[in-house]
Amino acid sequence: MFDAQQLELKSSCDKKDTLVHLHSDKSHFRQWLLQKPSTTFLPLESQRSLVPGQLIVHDLVKVVGHSEARMLCTLLYIVNPHHHNIVRYQPTDILVPGPIVMSAGMSNSALDIGEVIYEEMPLCVHPNKTNFGDQIGTLTYVMSCHPLAEGNEIEEVVIKQLLIKNTDPELMASTDIPKRLLENDLKLPSDYENVCANDCPILLHKIVCVMVRKIVRMRPGHFQQTITPHELSTCTHEVQLHACM
């Protein structure tokens, strides 16, 4: 087993929290994983091929209810009153916590992304709030994809995901998504809102989270089954981008 003491641990000022800081590409945990035989990580089925420049609209959506969110807040020790104090705040001011919003969006895309061996998240912003009962959908843009030097059977995929609230995936699939929304130069919540206001009003005030995920996974074609598996039925749409001047 991997010795957790090999990780560099740094404690925060709050004694209730202990944060584990992993160095980017050279983390001990990543190196330990990639030194394992590739057969250790074989998925059950062949995974979907991801091509740079590809934009996927996932049909799966999530809705976070009031009771389950409050239970998760208690379980995860999320104590901000904006997440659970229904006496102090109006219903429109009670927010779904950011980590739960992120988990919902990642779950929507899990079938299409495949089994993740290792992941880093260099960027995450929340341009708009999410209330209880809001429907969360996911757009995934493939930024890059290349095999790792550690083995040709493993690849690293960098994706950018936009989490959209209260918008039907069918409508998103038929909408021209501005390519600028998916570029790296957008860092602040106001940057995304300005692009939506000018180039895609249908998404204005609808983007609740933006994540850049650096994922290590098995390449398509490597799986545990010895017979050809059926194609994954993921019910997704691929849409075209348009460049906005």
Side-chain angles (χ1 to χ4, degrees), residues 47-64 96 98-116 119-131 133-145 155-215 217 220 232-244:
Q47 305 191 115
R48 175 183 180 137
S49 297
L50 298 176
V51 182
Q54 188 178 24
L55 181 63
I56 305 171
V57 179
H58 307 278
D59 266 10
L60 293 179
V61 296
K62 294 289 184 296
V63 178
V64 181
V96 179
I100 299 178
V101 175
M102 295 163 59
S103 299
M106 295 166 72
S107 176
N108 291 339
S109 62
L111 287 177
D112 297 311
I113 302 303
E115 298 184 22
V116 176
E119 176 174 347
E120 297 176 2
M121 188 176 294
L123 174 68
C124 180
V125 296
H126 294 267
N128 292 285
K129 64 182 181 180
T130 305
N131 295 112
D134 284 343
Q135 176 178 290
I136 301 172
T138 306
L139 297 175
T140 296
Y141 177 68
V142 183
M143 304 178 71
S144 65
C145 180
E155 65 181 3
E156 182 178 83
V157 184
V158 180
I159 59 176
K160 188 170 188 177
Q161 293 188 314
L162 304 182
L163 276 53
I164 315 296
K165 69 176 180 180
N166 301 330
T167 304
D168 187 12
E170 293 287 343
L171 178 61
M172 288 193 290
S174 60
T175 300
D176 290 331
I177 306 299
K179 190 171 183 179
R180 188 149 180 267
L181 275 179
L182 308 171
E183 295 177 347
N184 280 331
D185 61 336
L186 300 181
K187 303 295 184 183
L188 301 176
S190 58
D191 295 336
Y192 292 93
E193 290 296 277
N194 290 336
V195 173
C196 290
N198 296 325
D199 302 324
C200 193
I202 195 173
L203 296 184
L204 184 61
H205 307 316
K206 294 294 186 70
I207 301 178
V208 295
C209 184
V210 179
M211 300 181 290
V212 174
R213 302 170 59 191
K214 185 185 295 185
I215 292 171
R217 67 169 199 162
L232 290 176
S233 178
T234 54
C235 300
T236 57
H237 306 275
E238 295 184 15
V239 300
Q240 300 295 324
L241 303 176
H242 73 275
C244 299

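Numbers for residues simply follow the sequence, beginning at 1.
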Quiz item: Rounded to the nearest 0.5 Å, how far apart are CG of N128 and NZ of K206?
Solution: 10.0 Å
Self-check item: Within-4.5 Å side-chain heavy-atom neighbours: P220 and E155
Solution: yes
Quiz item: CG/L203 to CE/M172 distance, rounded to the nearest 0.5 angstrom?
Solution: 8.0 Å
Self-check item: Spatial distance of atom CD1 (I159) from atom NZ (K214) [nearest 0.5 Å]
Solution: 13.0 Å
Practice problem: Could you check if a side-chain atom of I207 sits within less than 4.5 angstrom of a side-chain atom of I164, using non-hydrogen atoms only? | Solution: yes
Quiz item: Are side-chain heavy atoms of V51 and V142 found at a separation under 4.5 Å?
Solution: no
Quiz item: Hey, what do you get for OH (Y192) to SG (C200), rounding to the nearest 0.5 Å?
Solution: 14.0 Å
Exercise. Taking all non-hydrogen atoms of both residues into account, name the closest pair between E115 and R217 and its distance.
Key: O-CB, 3.4 Å
Quiz item: Is the backbone N or O of V210 less than 3.5 Å from a side-chain atom of K160, with the two atoms forming a donor-acceptor pair by type?
Solution: no
Quiz prompt | Residue of the set E119, M102, E120 for which side chain to side chain contact (heavy atoms under 4.5 Å, CB included) holds with R213 | solution = E119
Quiz item: Is there a donor-acceptor contact under 3.5 Å from the side chain of H126 to the main chain of V208?
Solution: yes
Quiz item: How long is the span from the CG atom in L139 to the CG atom in L181, to the nearest 0.5 Å?
Solution: 9.0 Å
Quiz item: Once you round to the nearest 0.5 Å, how far does CG of D191 lie from SG of C196?
Solution: 11.0 Å
Quiz prompt | Minimum-distance pair of heavy atoms, taken over all atoms of P127 and E193 | solution = CB-OE2, 4.4 Å
Quiz item: Can you name the nearest heavy-atom pair linking C145 to V157, along with the distance?
Solution: SG-CG2, 3.7 Å
Exercise. Check whether any side-chain heavy atom of P169 sits under 4.5 Å from a side-chain heavy atom of Q135, and report yes or no.
Key: yes
Quiz item: Taking T140 for the side chain and I56 for the main chain, is one N or O donor matched with an acceptor at less than 3.5 Å?
Solution: no
Quiz item: Which one of Q161, K62, H58 satisfies the side-chain hydrogen bond (donor to acceptor under 3.5 Å, both in side chains) criterion with N108?
Solution: K62
Practice problem: Can you see which heavy atom on I136 is nearest to which on A104, and at what distance? | Solution: CD1-CB, 4.1 Å
Quiz item: Do you know the tightest heavy-atom contact between V101 and C209?
Solution: CG1-CB, 4.3 Å
Quiz prompt | Sidechain-backbone polar pair: S107 side chain, S103 backbone, donor-acceptor under 3.5 Å | solution = no
Exercise. With the side chain counted from C-beta on, respond yes when L162 and L182 share a heavy-atom pair under 4.5 Å apart, and no when they do not.
Key: yes
Practice problem: Please tell me if the side chains of I113 and M106 come closer than 4.5 Å, counting only heavy atoms from C-beta onward. | Solution: no
Quiz item: Under the side chain to side chain contact (heavy atoms under 4.5 Å, CB included) test, which residues partner D134, sequence neighbours left out?
Solution: T130, N131, K165, N166
